[in-house]
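The first residue in the sequence is number 1, and the count goes up from there.
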Amino acid sequence: MSISPDHFLLICETCEGSDRADSLRAALASKLPSSFDIQSVSCMAGCGRPTTVGFQAFDKARYLFGDIQSAEDVDALAEFAHQYHRIADGWTNATQRPPALLEKTLARLPRLKVETSA
C-alpha cells in the first residue's frame, strides 16, 4: 500500500538549474519520511541565496531555506523533514531546528487556519 504525500519539499530550479535540483532531489529522496513528495519548482524568490528549498503541508507553518550547498545541508534538511513531519502545526523556533539550518532560514510563515462555518 502506498502512502499519498501530505508533506512537500520544494526545490527551486531557477537560479542553479534543473540539474542541481535533480541532484538535491536524489540526495534527499531516501532520507525523508514516506509521506513527503519532492517537487522542483520555478523561482521562490531566494535568488540571493540559492539553492532554496521550501517545506509545506496543509495546516502547518511553512519554511524557506537558502544557501543549500553541502552534504551537511542535505543531512540537516532530512533531519528537519522528520521534525516537521512529527510536529502537528509545524512550528519550530530557530534553536529547535538543526544547527546547520540556523543561518539558512529565509522565512517561516504561520499556518493558515481553515475556518468552517456553522
Side-chain angles (χ1 to χ4, degrees):
M1 168 164 78
S2 66
I3 297 174
S4 295
D6 59 4
H7 287 71
F8 301 89
L9 187 145
L10 310 172
I11 303 170
C12 183
E13 64 180 13
T14 300
C15 293
E16 294 192 347
S18 60
D19 288 345
R20 172 67 181 139
D22 291 344
S23 174
L24 189 52
R25 176 197 318 270
L28 285 164
S30 66
K31 297 180 179 191
L32 302 181
S34 60
S35 64
F36 266 83
D37 184 42
I38 303 173
Q39 298 179 4
S40 295
V41 297
S42 292
C43 187
M44 290 194 288
C47 304
R49 296 184 58 193
T51 296
T52 55
V53 173
F55 283 82
Q56 65 181 19
F58 180 72
D59 204 27
K60 285 191 172 189
R62 294 178 175 141
Y63 293 85
L64 184 64
F65 298 102
D67 293 326
I68 304 303
Q69 300 296 327
S70 69
E72 180 185 16
D73 296 339
V74 169
D75 290 342
L77 289 172
E79 182 182 344
F80 180 73
H82 286 273
Q83 180 183 38
Y84 184 69
H85 186 260
R86 284 190 309 268
I87 298 171
D89 64 0
W91 192 265
T92 63
N93 294 319
T95 57
Q96 295 171 305
R97 289 179 228 129
L101 297 178
L102 184 63
E103 298 295 322
K104 297 179 180 277
T105 305
L106 303 180
R108 175 185 62 195
L109 301 172
R111 68 186 178 118
L112 296 174
K113 296 177 184 173
V114 178
E115 300 291 329
T116 56
S117 58

*Output yes when a side-chain donor or acceptor of Lys60 lies under 3.5 Å from a complementary backbone atom of Ile87, and no otherwise.*
yes
_I'd like to know whether Glu16 forms a side chain to side chain contact (heavy atoms under 4.5 Å, CB included) with Gln69, so could you lay out the CA-CA distance, the side-chain angles of the two residues, the decisive distance to 0.1 Å, and finally the verdict._
CA-CA 11 Å; Glu16 294 192 347; Gln69 300 296 327; 3.4 Å; yes
*Please report the shortest heavy-atom distance between Ala76 and Ala100, naming the atom on each side.*
CB-CB, 3.7 Å
_Phe8/Phe36 aromatic ring centres below 6.0 Å_ = no
*asked:* Side chains of Phe65 and Leu77, heavy atoms from C-beta outward: is any pair under 4.5 Å?
replied: yes
*Over all heavy atoms of both residues, which pair between Met44 and Gly54 is shortest? Give the atoms and the distance, please.*
CE-N, 3.8 Å
*Taking all heavy atoms of Trp91 and all of Gln96, pick out the closest pair and write down the distance.*
O-OE1, 4.4 Å
*Flag the pair Arg49 and Asp67 as a salt bridge only when some basic side-chain nitrogen lies within less than 4.0 angstrom of an acidic carboxylate oxygen.*
yes
*Looking just at side-chain N and O atoms, do Lys31 and His82 make a donor-acceptor pair shorter than 3.5 Å?*
no
*Could you give the distance from CZ (Arg25) to OG (Ser18), rounded to the nearest 0.5 Å?*
10.0 Å
*Sequence-distant partners of Asp59, salt bridge (charged side-chain N to carboxylate O under 4.0 Å, His left out), two or more places apart*: Arg111
*Is the shortest heavy-atom distance from the side chain of Pro5 to the side chain of Ser35 under 4.5 Å?*
no
*Rounded to the nearest 0.5 Å, how far apart are CZ of Arg86 and OG1 of Thr92?*
11.0 Å
*May I ask you to decide if the ring planes of Tyr84 and His7 are parallel, tilted or perpendicular, using 30° and 60° as cut-offs?*
perpendicular
*What heavy-atom pair brings Phe55 and Leu9 nearest, and what distance separates the two atoms?*
CZ-CD1, 3.5 Å
*Could you state the interatomic distance from CZ (Arg108) to CZ (Arg62), rounded to the nearest 0.5 Å?*
14.5 Å
_Least distance between heavy atoms, Ala21 atom then Cys12 atom_ = CB-O, 4.3 Å
*Any chance you could measure Leu101, atom CG, to Gln83, atom CD, to the nearest 0.5 Å?*
9.0 Å
*For Leu102 and Ala94, which heavy atoms make the closest approach, and how far apart are they?*
CD1-CB, 3.7 Å
*Is there a donor-acceptor contact under 3.5 Å from the side chain of Asn93 to the main chain of Thr95?*
no
*asked:* Nearest 0.5 angstrom please: Tyr63 OH to Leu109 CG, how far?
replied: 9.5 Å
_When you measure from the side chain of Asp73 to the backbone of Ser70, do you find a donor-acceptor pair of N or O atoms at a distance under 3.5 Å?_
yes
*Leu10, Ile11, Val53 screened by side chain to side chain contact (heavy atoms under 4.5 Å, CB included) with Ile38, the one that passes*: Ile11
_Heavy-atom side-chain proximity of Leu24 to Ile68 below 4.5 angstrom_ = yes
*So Arg97 and Thr105, side chain to side chain contact (heavy atoms under 4.5 Å, CB included) or not? Walk me through it.*
CA-CA 10 Å; Arg97 289 179 228 129; Thr105 305; 3.2 Å; yes
